[in-house]
Amino acid sequence: MRVIVKPCRGLAGTIQVPGDKSVSHRAGLLGALAAGPTEIRGFLESEDCLNTLGALGALGVEVTRKGPGEYRVEGAGLQGLQEPDDVLDCGNSGTTARLLLGILAGQPFWSVLTGDGSLRRRPMGRVTQPLAQMGATVVGRSDGGRLPLAIRGARPLKALSYRSPVPSAQVKSAILLAGLFADGEVSVEEPAPSRDHTERMLRGFGARVAAEGRSVTLASGGELRGHAIQVPGDISAAAFFLVAAALVPGSAVTIPGVGVNPTRTGLLDVLGEMGADVRVTDRREGEEPSGTLTAGTSRLRGTRVGGALIPRLIDELPVLAVAAAAAEGVTEVADAAELRVKESDRIATLAAELAKLGARVEERPDGFLIRGGARLRGAVVRSWGDHRMAMALIVAGLAAEGRTVVEDTQCIATSYPEFLATLNSLTSEPCAVVEP
Ligand code: S3P
C-alpha cells in the first residue's frame, strides 16, 4: 500500500486518538491472570493488541468484544491457563512476545511463539536469559535469543534480583509477570526508568509493588483481582499530530483524554525546549494520568536529547527527527542505540528516508545528528515495514514541497488503523490518501 501526501494548508480541529498500546496489552494480559472478570474500555483495536488477545484465547482465556474498544476478559486466575495446541503468533508485536514469555515462564506446559519477519529479527535473549535464571526452559534460534522459541515454564519460579543492561519496559515487565509465579520477591533495576504501566496496573489488580528510583520490586504471593480499566489515549499516536501541527502553517490541534504518565511524556518536554506551542490542560489523575494536549504552528529550533530522557520518548524519536529536520539549527540524539532493534533499525531507516526528502542526517552508532532548516522536497520514501516510520514519513510529507509517496504503509495497522482518516479530518480536503 502506498500513501500519497501533499502539503496542506493547516491542520485544525479536535481529534480523539485510540487507546494506549502499552496499556491495552497489559490490560488484556493482567485481566487474563486475575480472579474474576476485567472490563476494559478504550482498548486499542490494532493488529498488535489483537495479537495479544488472540494468544490469550489460545491459552484458554475467554475474551468477549462488547463494542468498539470494549472487552470483557474472564480471568483464568494464576493457575488457570491451558497449554496452547498451536504456535502463538505474535505478528509484529514485541510487547506481545516479551510479556507473554514472562507469563509463560510460570506455566507448567510448553508453548511455542513466533512472529513476522521483523519480530523474528529482534532480540529476545534480554528476556529469556533472566527467565531461564528463574527456572524456565527456553529453546529456539540463536540459543534462545530469537523467535521462534519454545518455552516450558516451572512452578514455582525462583526469586530474582536482576540488573537489566537496557532500559526496557518489556524486559522489566516480563520479569515482573514471571514474578507472579515465583517463590520469593523479584526486583529489576534499570539503567534509566522505563514506562511504568505494568507496575501501576499490577497495583490496580491488588499486587504489592514497590518502586524506588530505577528499581522496582514485586512481593511474592497474593492474587490478582479483576476490575474495570479505562485505557487512556495513546501519547505515541498523538505525537504525530503534535509534530504535524507544529510544522504545518495555520495549524491548531486539540486532543483530549491522552495518557500523560511522566514516563511517557519526554516528547512534550523536548518539543517545548524546541520552541513548540504544546500544552497539557485538564489533567486528570488516576491509575494512569491523562490530559488534553494542544499544539499549534511554531518556529522550532534544534536541541540535544540523550540520557534518561531517551526511554521517555523512545517511540517518538522517528517523528521527533522529522521535527528536527524542519527546525532551525542542529539536533543531536544520543544514548538511543535501542532504536536499532525496534520494528526496523530506526537509526538507519530514518537517515536513509529523511535524506531522500532533502534532510541532512548523520547516522551515529547510538543516535543521529540532524542539521535542520534544509528545504524538504517531496520524494518516494518507504517505511521498511515499520508503522512509526510510515506515520513519521507521512508527517514529513505534509511539511515538504510537492508530492511525497510513502511506500509500504499497510504496517500502520499494527498500531493505528485510523491514522489516515483522523489526519484527513483535520483538513478541508484530504492531504494523505491511499493510492487507488
Ligand atoms: C513498550 C516498551 C518499549 C516501546 C514499545 C512498547 C511496552 O520497548 O518501544 O513500543 O509496552 O513495554 P522496550 O521495552 O523494548 O524499550
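Excluded from the calculations below are hydrogen atoms, water molecules and symmetry mates; all remaining heavy atoms, backbone and side chain alike, are included. One-based numbering, in listed order, for ligands and for the atoms of each.
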Measuring from atom CZ of Phe43 to atom NZ of Lys66, what distance do you get when rounded to the nearest 0.5 angstrom? 14.5 Å

Are Thr38 and Glu74 close enough that some pair of their side-chain heavy atoms sits under 4.5 Å apart? no

Between Ser236 and Lys21: side-chain donor-acceptor atoms closer than 3.5 Å: no

Only pairs under 3.5 Å count here: list side-chain donor-acceptor contacts from residues 136-146, not counting sequence neighbours, and write none if there are none.
| residue | atom | partner | partner atom | Å |
| --- | --- | --- | --- | --- |
| Arg141 | NH1 | Arg120 | O | 3.1 |
| Arg141 | NH1 | Leu147 | O | 2.5 |
| Arg146 | NE | Arg121 | O | 3.2 |

Side-chain donor-acceptor pair present, Thr303, Glu273, cut-off under 3.5 Å: yes

As an exercise, state the distance from OG of Ser220 to CZ of Arg208, rounded to the nearest 0.5 Å. 7.0 Å

Between ligand 1 and the protein, find all N/O pairs closer than 3.5 Å and give the distance for each.
| residue | atom | partner | partner atom | Å |
| --- | --- | --- | --- | --- |
| ligand 1 | 8 (O) | Lys342 | NZ | 3.0 |
| ligand 1 | 9 (O) | Asp315 | OD1 | 2.6 |
| ligand 1 | 9 (O) | Asp315 | OD2 | 3.4 |
| ligand 1 | 9 (O) | Lys342 | NZ | 2.7 |
| ligand 1 | 10 (O) | Asp315 | OD1 | 3.4 |
| ligand 1 | 10 (O) | Asp315 | OD2 | 2.7 |
| ligand 1 | 11 (O) | Ser22 | OG | 2.7 |
| ligand 1 | 11 (O) | Arg26 | NH1 | 2.8 |
| ligand 1 | 12 (O) | Arg26 | NH2 | 2.6 |
| ligand 1 | 14 (O) | Ser168 | OG | 2.7 |
| ligand 1 | 14 (O) | Ala169 | N | 3.0 |
| ligand 1 | 14 (O) | Gln170 | N | 2.8 |
| ligand 1 | 15 (O) | Ser168 | OG | 3.4 |
| ligand 1 | 15 (O) | Lys342 | NZ | 3.4 |
| ligand 1 | 16 (O) | Lys342 | NZ | 3.3 |

